[in-house]
Amino acid sequence: MRIGYPCINRGLACRCTHGFRLASYSPHRLEEAVRANLDGLQGILEFNAARGILFFRISSDIVPFASHPVMSVRWQERFRGRFARIGRYIRDHAIRVNMHPDQFTLINSPDEAIFARSREELLYHARVLDLLGLDLTNKIQIHVGGVYGDKDSAIARFVARYRSLPERIRRRLVVENDHVSYSLEDCLRVHQACGIPVVLDVLHQRVLRGPFGVKKALARAAATWKGVDGIPFVDYSLQAENGLRGAHAESIRVPEFRRFLSLTRPIDFDVMLEIKDKESSAAKAVAAAGEDKRFFRPAIN
DNA sequence: TCTGGTCAAGGTGGT
DNA sequence: ACCACCTTGACCAGA
């Protein structure tokens, strides 16, 4: 079990999310942003590794506008060496990473142009992980997408489109349940049809299916992962206690997290904490999980 | 230097 | 038909 957080470290000055407006695009601007993002990523990974936080979601902004027609820089060649160095650091420190293209990436849209753009966006994400030289346990997670008035045909379209994707994308792609349209059960149907591994989002699952059965949900999601995919991971977030519906909590609630750990024993999995205060909650979760036999400690050297 | 409106992309659901 | 919300940060124009 590794524990991590997505994209942003709130305490460090380092960031890997430097961007700019499309209107201000220039090759120089792009190169500056990527350089700063790679430096920032390295800094965040070092911060994390020193604290036993060995799971991290790399921001899709690492190369701004990578799949947009405006892109005119051969960024893969330009930054090959820097990506390779960071990748070596990731491997040497037994870190696992993932990426999560945002909600505009829809492989089941009836609109072929939207699918084509989504495929390009997925290809970009695969290229980043390939440039880092990371194995197939480092995943790209997306949602099933829209319903378009008919869930059965929307799922069938997802499956057909998934099968048509290049192996380079398919081998890293995993699908996550959402809190509006596609429940865990829906994602398992998708898995049955095409073999894609399923990421459990613990909060979304509770929203759509009620408060019970976390372990069963996890066991069913875990069964969709093959050896080459590594152990499964989950997205863990929690509702703000007195906030509006859907509002995410500011900070982890350790007793609740401990219950989650004990409830899911002995299944081994990694945990992505989608919580506002990021590395601060991750450090608390690492401390809480330190007592757990599943928690991963790399050999020190 | 500070502030707040706005940012590539789509879909859903409420009015 | 239209608009807010998604999750939230941070860019950038205008003061």
Side-chain angles (χ1 to χ4, degrees), chain A residues 5-26 28-30 32-34 36-37 40-41 44 57-73 75 98-125 140-151 153-155 157-158 161 175-183 186 199 201-204 207-208 235-240 243-252 272-281:
Chain A
Y5 60 94
C7 303
I8 292 164
N9 183 304
R10 301 236 288 192
L12 281 181
C14 312
R15 286 195 292 123
C16 59
T17 55
H18 293 272
F20 49 85
R21 300 282 165 87
L22 179 58
S24 356
Y25 176 89
S26 75
H28 176 72
R29 193 74 195 265
L30 188 276
E32 287 303 297
V34 176
N37 286 340
L41 176 59
I44 292 171
R57 181 179 300 158
I58 297 175
S59 169
S60 297
D61 293 338
I62 189 124
V63 182
F65 303 111
S67 73
H68 191 281
V70 77
M71 174 58 67
S72 61
V73 175
W75 58 270
N98 71 19
M99 298 186 80
H100 192 344
D102 70 27
Q103 72 267 31
F104 305 110
T105 302
L106 291 157
I107 72 171
N108 77 341
S109 171
D111 183 332
E112 288 292 338
I114 291 171
F115 171 57
R117 283 195 289 276
S118 299
R119 188 179 45 213
E120 285 308 303
E121 181 71 358
L122 290 171
L123 196 51
Y124 149 60
H125 284 79
I140 301 166
Q141 68 189 100
I142 58 168
H143 295 288
V144 179
V147 174
Y148 312 101
D150 178 358
K151 190 179 272 189
S153 66
I155 287 179
R157 200 163 46 244
F158 180 98
R161 293 271 184 65
V175 71
E176 178 193 4
N177 60 305
D178 64 73
H179 63 297
V180 179
S181 305
Y182 291 94
S183 65
D186 293 327
V199 171
D201 184 303
V202 175
L203 179 61
H204 291 168
V207 168
L208 277 188
D235 282 355
Y236 180 96
S237 59
L238 59 172
Q239 189 86 35
L244 301 167
R245 72 182 218 303
H248 279 199
E250 175 63 28
S251 189
I252 194 169
M272 183 61 69
L273 295 172
E274 297 192 321
I275 297 172
K276 282 190 189 174
D277 68 0
K278 307 281 183 184
E279 75 282 1
S280 160
S281 281

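Letters go in sequence order (proteins before strands), and every chain restarts at 1. Values reported hereafter were calculated over all heavy atoms of this structure, with side chains retained and with hydrogens, waters and symmetry mates removed.
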message: Mind checking if His143(A) touches a base, just sugar-phosphate, or nothing, with heavy atoms under 4.0 Å?
response: nothing
task: For Glu279(A) and Gly11(A), indicate whether the former's side chain and the latter's backbone hold a donor-acceptor pair under 3.5 Å.
output: yes
query: Can Ser72(A) and Tyr25(A) be said to form a side-chain hydrogen bond (donor to acceptor under 3.5 Å, both in side chains), step by step?
result: CA-CA 10 Å; Ser72(A) 61; Tyr25(A) 176 89; 2.8 Å; yes
- request: Would you give the length of the straight line joining atom NE2 of His143(A) to atom NE2 of His100(A), rounded to the nearest 0.5 angstrom?
  value: 3.5 Å
- request: Starting at OG of Ser281(A), measure out to CG of Leu238(A) and round the result to the nearest 0.5 Å.
  value: 8.0 Å
- request: With P as the reference atom in both, quote the distance from dT7(C) to dT3(B) in angstrom, rounded to an integer.
  value: 28 Å
- request: Report which part of the nucleic acid Asp102(A) touches: base, sugar-phosphate, or nothing (heavy-atom distance under 4.0 Å, all strands).
  value: base
field: Whole-Å gap separating P (dC6(C)) and CG (Leu203(A))
entry: 13 Å
Of the listed nucleotides dG10(B), dC11(C), dG9(C), the one nearest the side chain of Ile8(A): dG9(C)
message: Measure OH/Tyr25(A) against P/dA8(B) and give the value in whole Å, please.
response: 14 Å
- prompt: So, is Arg21(A) close to the dA10(C) phosphate, meaning a side-chain N or O under 4.0 Å from OP1 or OP2?
  reply: no
Phosphate OP1/OP2 of dT7(C): any Arg57(A) side-chain N/O under 4.0 Å: no
- prompt: Separation of Leu238(A) atom CG from dT7(C) atom C1', in whole Å?
  reply: 15 Å
message: Can you check the distance between dT8(C) and dT1(B), where both ends of the measurement are the C1' atom (answer in whole Å)?
response: 24 Å
- request: Go ahead and name the base partner of dT7(C); Watson-Crick or wobble counts if both distances stay under 3.5 Å, otherwise write none.
  value: none
query: Under 4.0 Å between a side-chain N or O of Thr105(A) and OP1 or OP2 of dG10(B)?
result: no
task: Answer yes or no: is there an ion pair linking Glu112(A) with Arg161(A), defined by an N-O contact shorter than 4.0 Å?
output: yes
message: Under 3.5 Å for both donor-acceptor distances, Watson-Crick or wobble: does dC2(B) have a partner, and if so which one?
response: dG14(C)
- prompt: Nearest of dA8(B), dC6(C), dA10(C) to any side-chain atom of Ser67(A)?
  reply: dA8(B)
query: Of all the nucleotides listed (dA10(C), dA8(B), dG13(B)), which has the minimum atom distance to the side chain of Val180(A)?
result: dG13(B)
- prompt: For Leu273(A) and dT8(C), what is the distance between atoms CG and C1' respectively, to the nearest whole Å?
  reply: 17 Å
message: At 4.0 Å (heavy atoms only), tell me whether Gly19(A) reaches a base, stays on the sugar-phosphate, or touches nothing.
response: sugar-phosphate
- request: Would you kindly compare Leu22(A) and His179(A) by the position of their nearest DNA chain C nucleotide and give the one closer to the 5′ end?
  value: His179(A)
- request: Select base, sugar-phosphate, or nothing to describe what Tyr148(A) touches, counting heavy atoms under 4.0 Å on all strands.
  value: sugar-phosphate
task: Give Val147(A) one of three labels, base, sugar-phosphate or nothing, depending on what nucleic acid heavy atoms sit under 4.0 Å from its own.
output: sugar-phosphate
- request: Using the P atom as the reference point in each nucleotide, state the distance between dT12(B) and dG9(C) in Å, no decimals.
  value: 26 Å
message: Would you measure the distance from the P atom in dA1(C) across to the matching atom in dA8(B) and give it in whole Å?
response: 27 Å
query: Quick one: is dA10(C) close enough that its OP1 or OP2 comes under 4.0 Å of any side-chain N or O from Arg15(A)?
result: yes
Whole-Å distance separating the CD1 atom of Ile107(A) from the P atom of dG11(B): 14 Å
- prompt: Base, sugar-phosphate alone, or nothing: which one does Ser118(A) contact when heavy atoms must sit under 4.0 Å apart?
  reply: nothing
Separation between CG of Leu30(A) and CZ of Phe65(A), rounded to the nearest 0.5 Å: 9.0 Å
field: Separation of atom CG in Asp277(A) from atom C1' in dG9(C), rounded to whole Å
entry: 16 Å
message: For dG10(B), is there a stacking contact with Phe104(A), counting only centres under 5.5 Å and planes under 30°?
response: no
query: Can you tell me if the side-chain N/O atoms of Ser24(A) get under 4.0 Å from OP1 or OP2 in dC12(C)?
result: yes
field: Among dG10(B), dC11(C), dA8(B), the nucleotide that comes nearest once only the side chain of Leu106(A) is considered
entry: dG10(B)
Rounded distance in Å - CZ (Arg157(A)) to C1' (dG11(B)): 13 Å
message: Rounded to whole Å, how long is the line connecting atom CD of Glu274(A) with atom P of dG9(C)?
response: 14 Å
query: Roughly how far, to the nearest 0.5 Å, is NE2 of His125(A) from OG of Ser67(A)?
result: 8.5 Å
